[in-house]
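Remember, predicted model here, so these are calculated numbers, not experimental data. Convention: sequence-line order gives letters A, B, ...; per-chain numbering from 1.
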Amino acid sequence: MDKNRRTLTCGEPTAAHCDREVILNGWVHRVRDHGGIRFFNLRDRYGQVQVVIDTDAPEQVKTAGNELKLEYCVAVVGTVRRRPESMVNPDMASGEIEVQATEINILSTSEPLPFMIEDRSDAREETRLKYRYLDLRSASMQNKMRLRHEVSFRVREYLSGLGFYEIETPTMIKSTPEGARDFLIPSRLHPGKFYAMPQSPQLYKQILMVSGFDRYFQIAHCFRDEDARGDRQLEHTQVDIEMSFVSAEDIFALVEGMMNHVFTHAIDHPLPTPFVRLSYHDAMNRYGSDKPDLRFALELQDAAALAQGSGFRVFEDAVASGGAVKALVVPGGATMSRKDIESLEATAKTYGAKGLAWMKIGDTGPEGGVSKFFTDKTDLIQPFEAKAGDLLLFVADTWKVACTALGAVRSSLGKSLDLVDRTAFAFAWIVDFPLFEWDDEKGRWEAAHHMFTMPQEQYLDQLESDPGAVKGDLYDLVCNGFELASGSIRIHNAELQSRIFDIVGFSRDEAQKRFGFLLDAFRYGPPPHGGIAPGLDRLVMIMAGEQSIREVIAFPKTTNGMSPMDDSPSEVDADQLKDLGIQIVE
RNA sequence: GGGGGUGUGGUGGAGAUGGUUACCACGCCGGCCUGUCAAGCCGGAGGUCGCGGGUUCAAAUCCCGUCGCUCCCGCCA
């Protein structure tokens with residue numbers, strides 16, 4: 001049926017095609033029936049073009065045209081013609097021309113739609129996900145999928161150009177229950193035993209280094225059985241990268257080059273490099289987050305000096321017990337209502353703060369809130385450089401709680417006061433993370449990143465004596481308040497690895513049982529190596545200006561881990577369970 | 001596990017101090033119309049107000065429970 005096979009896509013016809021006979025395939029996007037003359041827009045991935053059914057069109061065309069409804073899939077044979085001058089549509093790429101139909105064949109019909117295929121469709125996400133195949137037809141979703149493809153392609157182009165091999169690793173692996181909860185796959189051949197879905201290809205990429213593939217990458221699916229969020233799915237995609245014989249500096253340069261390449265070619269937005277670097281401590285101290293949004297300033301300040309002898313117990317106690325008092329100056333914030341401030345306090349409290357102290361700066365000095373403790377001590381307020389009309393906010397607590405709680409307030413203000421430059425991509429490396437974190441529940445040190453992270457060299461002598469002070473050779477890449485990538489230089493020395501296992505209370509037996517295959521591999525000349533793994537979904541989300549990674553995933557799951565389209569997860573037949581030796585416990 | 005928001009014809013929203021036939025826009029069906037492009041005009045169909053229970057003469061509306069979606073805390077090496 002050659003007359004049903006397109007000679008052009010719907011995005012292609014222009015004035016240059018005038019008088020040419022063309023065949024188009026596509027979906028009926030909209031029909032405008034004027035009784036005598038009839039128009040419809042034909043749409044495909046590449047664009048839209050207006051088809052005209054003239055009053056003197058062949059009978060076949062009129063009959064078929066009369067049957068057309070939204071989203072019918074059709075073939076149109078016709079002639080491209082220039083539109084009359086006054087009928088040109090400047091909002092349409094093909095607006096100078098139209099196609100005069102000489103034959104229309106309906107390839108398939110469509111039931112009435114649950115929602116309109118258009119970018120301004122305001123169907124709720126639940127409905128969009130149930131009919132994702134229709135949602136994906138909209139220009140905006142098609143664009144996001146195009147962007148996602150472009151990003152993957154440019155990543156592959158860039159890394160391949162630098163001699164990286166893309167190597168696949170298994171998606172059914174050994175369960176190594178550290179970190180997130182594993183998704184498990186029961187084995188039929190070995191009843192009672194399980195594979196796990198990888199949380200990342202971490203151990204395999206390190207083994208590939210042992211195998212001599214000194215530049216590896218993979219666009220890999222990762223699976224974590226934890227509660228989802230707007231920027232977190234059960235299943236996500238990482239650009240997994242590992243290199244041998246490198247330092248963190250090499251990784252930074254590589255990723256900066258890669259991001260610049262991707263942004264330049266995918267959205268024509270070159271990135272200034274090198275990226276800003278912030279230590280974990282500075283990021284927390286100044287922005288109250290280890291993934292600060294650097295698109296606006298509004299920095300946290302230290303208010304410990306203010307607490308001294310203020311007579312304000314909440315501040316004094318926090319400092320006396322080794323904690324901190326952090327302050328935030330909100331320019332012009334004195335106009336905020338009590339309700340506004342209470343809402344900010346609620347935000348601070350979710351992060352563990354006991355309250356949010358505040359005072360306004362009036363023409364004569366501090367007023368309202370906790371100002372009575374400071375009315376005669378205005379010199380103490382001087383360092384904050386608050387002006388009349390500003391609002392001062394304080395959180396007094398442990399250093400970490402004070403920082404994160406006020407950091408959350410900062411983020412909230414960034415949005416509500418519209419301080420964020422929405423056209424910016426504010427990249428930064430966060431470095432000098434602590435290697436260990438104290439776990440109160442377990443009463444022991446835990447690896448902050450993972451147990452194969454190299455400690456920074458200058459701390460090697462105090463690993464055991466002062467684990468909390470040890471910084472790791474590990475780094476995060478953040479952008480606009482999102483963690484975009486995380487990585488580290490790895491340990492390749494068995495003796496050092498053993499010391500780390502000892503500190504986190506990991507016995508040799510246990511280590512051998514869980515990571516034995518990696519430790520075995522490391523007995524055969526492992527090269528020094530390190531890597532990083534940028535999250536593809538978050539990267540594309542940020543580039544697309546979206547707030548949720550579900551917007552850049554073709555078939556995402558809901559926050560409850562369900563897929564409204566295919567209704568997974570679902571129950572399985574008793575026979576399937578029997579094969580696997582599995583019984584459901586009610 | 002916890003907290004906030006939300007659920008009303010196919011879609012999105014209004015209705016919330018309980019009270020006639022649940023309103024609007026879009027879509028859908030029928031009709032008119034020769035230049036529209038979110039076409040226009042006229043007419044029409046379409047609803048267990050998420051689900052279950054309760055209070056009441058009477059519940060979309062009040063109460064209890066429950067489910068879905070979503071944002072956040074916890075969790076996510």
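- Counting atom types as modelled, Asn560(A) pairs no side-chain N or O with a base atom of G68(B) as donor and acceptor under 3.5 Å.
- Picking from G7(B), U34(B), C26(B) the nucleotide with the shortest atom distance to the side chain of His34(A) gives U34(B).
- Put simply, Arg38(A) has no side-chain N or O that comes within less than 4.0 Å of OP1 or OP2 on C33(B).
- Arg229(A) has a side-chain polar atom (N or O) that falls below the 4.0 Å cut-off from OP1 or OP2 of C73(B).
- Comparing C75(B), C26(B), U34(B) by their nearest atom to the side chain of Thr55(A) picks out U34(B).
- No N or O donor and acceptor, one from the side chain of Arg128(A) and one from the base of C69(B), sit under 3.5 Å apart.
- Using a 4.5 Å heavy-atom cutoff, the side chains of Leu328(A) and Phe394(A) are not in contact.
- Classification of Arg43(A) and Glu71(A) as a salt-bridged pair holds, one side-chain N sitting under 4.0 Å from a carboxylate O.
- Among the nucleotides C69(B), G35(B), A38(B), the one closest to any side-chain atom of Arg30(A) is A38(B).
- No donor-acceptor contact under 3.5 Å links the side chain of Arg124(A) to the base of G5(B).
- Taking the side chain of Arg550(A) as heavy atoms from C-beta on, and the options C72(B), U70(B), U36(B), the nearest nucleotide is U70(B).
- Applying the 5.5 angstrom centroid cut-off and the 30 degree plane-angle cut-off, the aromatic ring of Phe39(A) is stacked upon the base of U36(B).
- At the phosphate of U36(B), neither OP1 nor OP2 sits under 4.0 Å from any side-chain N or O atom of Arg32(A).
- Proximity note for Thr127(A) (side chain, C-beta onward) versus G27(B), U11(B), C69(B): the nearest is U11(B).
- Taking every side-chain heavy atom of Glu126(A) into account, G68(B) is the closest of G68(B), U34(B), U70(B).
- When all heavy atoms are compared, the tightest approach of Gln60(A) to Ile104(A) is NE2-O, 2.6 Å.
- Residue Glu98(A) places a side-chain atom within donor-acceptor reach of the base of G35(B), judged by atom type and a 3.5 Å distance cut-off alone.
- Remark: U21(B) base-pairs with no nucleotide in the shown strands. Criterion, Watson-Crick or G-U wobble with two distances under 3.5 Å.
- With salt bridges taken as basic N to acidic carboxylate O contacts below 4.0 Å, one links Asp293(A) and Arg295(A).
- For Pro114(A), the side-chain atoms get nearest to G10(B) when compared with the rest of G27(B), G10(B), G35(B).
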